[in-house]
Amino acid sequence: MQYWLVKSEPDECGIDDFLHSPKTSIPWDGVRNFQARNFLKQMGLGDAVILYHSSCRHIGISGQLQVTRTAYDDPLQFQLDSPYFDAKSTLERPRWVAVDMVYTHKFTTLVPLATLKLQPALSECYLLTHKRLSVMPLTFTEFTLMQKLGGLTH
DNA sequence: GCCAACGTTGGC
DNA sequence: GCCAACGTTGGC
């Protein structure tokens with residue numbers, strides 16, 4: 001079992017998009033950064049994922065997802081009309097992968113970035129040390145603290 | 001293989 | 001809308 005955090009603009013795909021189709025797996029595609037892609041490839045079935053809302057009015061972590069399909073070739077890289085088309089990808093040598101995720105929990109409150117920055121236990125986490133990365137691992141400690149801040153208890 | 005220019009992310 | 005950070009590209 002591994003723990004991850006992914007970023008998305010809620011206008012594109014936020015926690016409510018997952019909440020509104022709670023049993024439907026949604027492709028996490030369009031990742032076009034090599035470090036982020038490499039983390040996507042490491043995701044395992046059933047891994048837990050924190051969703052972060054970026055570039056929006058309320059920046060912060062919003063809920064929890066689960067991996068339902070591990071890495072497969074991102075079809076968008078082959079679609080000419082997609083903004084995620086990549087001329088350097090071929091069917092023989094695709095460059096980019098997607099995974100599928102499903103809704104598991106929405107936090108009782110969105111935890112703002114400012115709150116996360118105040119946590120000493122999160123000072124070393126990828127979210128705060130690698131500003132522009134959109135897919136990243138979390139330690140178990142970081143993950144459970146984020147869950148707790150989000151109002152989820154088990 | 002270096003590194004300057006360029007483009008994108010994402011907070012503010 | 002600005003701009004810092006930083007990943008990527010391409011000339012040499």
Side-chain angles (χ1 to χ4, degrees), chain A residues 2-20 26-43 47-67 70-139 141-152:
Chain A
Q2 302 169 94
Y3 304 93
W4 307 94
L5 182 147
V6 297
K7 293 179 181 173
S8 174
E9 300 186 14
D11 288 350
E12 297 291 325
C13 188
I15 194 66
D16 288 332
D17 295 294
F18 281 94
L19 174 60
H20 291 147
I26 296 180
W28 203 262
D29 50 22
V31 170
R32 294 294 179 269
N33 168 282
F34 291 106
Q35 194 178 5
R37 180 204 65 184
N38 293 342
F39 286 136
L40 275 185
K41 286 184 175 180
Q42 292 174 31
M43 287 185 177
D47 281 1
V49 183
I50 300 271
L51 180 63
Y52 175 90
H53 289 179
S54 66
S55 300
C56 59
R57 190 179 184 90
H58 300 292
I59 295 164
I61 50 174
S62 60
Q64 193 178 319
L65 312 171
Q66 189 175 48
V67 177
T70 56
Y72 58 96
D73 294 344
D74 181 350
L76 301 181
Q77 69 193 309
F78 306 119
Q79 291 175 18
L80 268 170
D81 59 347
S82 168
Y84 300 109
F85 173 75
D86 185 345
K88 291 180 179 169
S89 286
T90 62
L91 287 169
E92 296 73 29
R93 282 177 168 260
R95 303 177 98 200
W96 307 110
V97 299
V99 301
D100 288 354
M101 298 195 207
V102 72
Y103 173 85
T104 55
H105 305 281
K106 181 175 178 173
F107 289 164
T108 56
T109 54
L110 182 133
V111 184
L113 177 60
T115 302
L116 301 175
K117 286 181 176 173
L118 289 173
Q119 307 297 319
L122 295 178
S123 62
E124 306 288 310
C125 82
Y126 266 91
L127 181 67
L128 302 181
T129 59
H130 293 68
K131 281 180 57 173
R132 298 179 52 211
L133 190 60
S134 65
V135 178
M136 64 199 77
L138 297 174
T139 66
T141 306
E142 291 163 352
F143 177 81
T144 51
L145 174 57
M146 288 185 182
Q147 270 190 326
K148 190 178 156 199
L149 292 169
L152 300 184

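Below, read A as the first sequence line, B as the second, and so on, with proteins coming before strands; counting in each chain starts at 1.
- For Y52(A), no side-chain nitrogen or oxygen approaches OP1 or OP2 of dT9(B) to under 4.0 Å.
- Side-chain proximity of I59(A) to the nucleotides dG10(B), dG11(B), dC6(C) is greatest for dG11(B).
- The side chain of F34(A) has dT8(C) as its nearest neighbour among dT9(C), dT8(C), dG11(B).
- Look at CG on L5(A): it is 14 Å from C1' on dG10(B), rounded to the nearest Å.
- Checking the phosphate oxygens (OP1, OP2) of dG11(B), no side-chain nitrogen or oxygen of K117(A) falls inside 4.0 Å.
- For R132(A), counting side-chain heavy atoms from C-beta on, the closest listed nucleotide (dT8(B), dG10(B), dC12(B)) is dT8(B).
- By the side chain to side chain contact (heavy atoms under 4.5 Å, CB included) test, L19(A) is found to be paired with D16(A), Y103(A), K106(A), residues two or more places apart in sequence or in another chain being considered.
- Residue L133(A) contributes atom CG, which lies 18 Å from atom P of dT8(B) at whole-angstrom precision.
- Separating the NZ atom of K7(A) from the P atom of dG11(B) is a distance of 6 Å, rounded to the nearest angstrom.
- Between the CG atom of N33(A) and the C1' atom of dT8(C) there is a distance of 10 Å, given to the nearest Å.
- Proximity of K131(A) to the phosphate of dG11(B): no side-chain N or O atom is located under 4.0 Å from OP1 or OP2.
- Taking CE of M136(A) as the start and CG of L40(A) as the end, the distance is 11.0 Å to the nearest 0.5 Å.
- In this entry the distance linking NE2 of H130(A) with C1' of dG10(B) reads 16 Å, nearest Å.
- Taking atom CZ on R32(A) and atom P on dT9(C), their separation rounds to 12 Å, with Å as the unit.
- Taking atom CD on E12(A) and atom P on dT9(B), their separation rounds to 11 Å, with Å as the unit.
- The separation between L128(A) atom CG and dG11(B) atom P is 11 Å, rounded to whole Å.
- In this structure, a donor-acceptor pair under 3.5 Å is present between the side chains of D86(A) and W96(A).
- Looking only at distances, a side-chain donor or acceptor of Q77(A) sits under 3.5 Å from a matching main-chain atom of D74(A).
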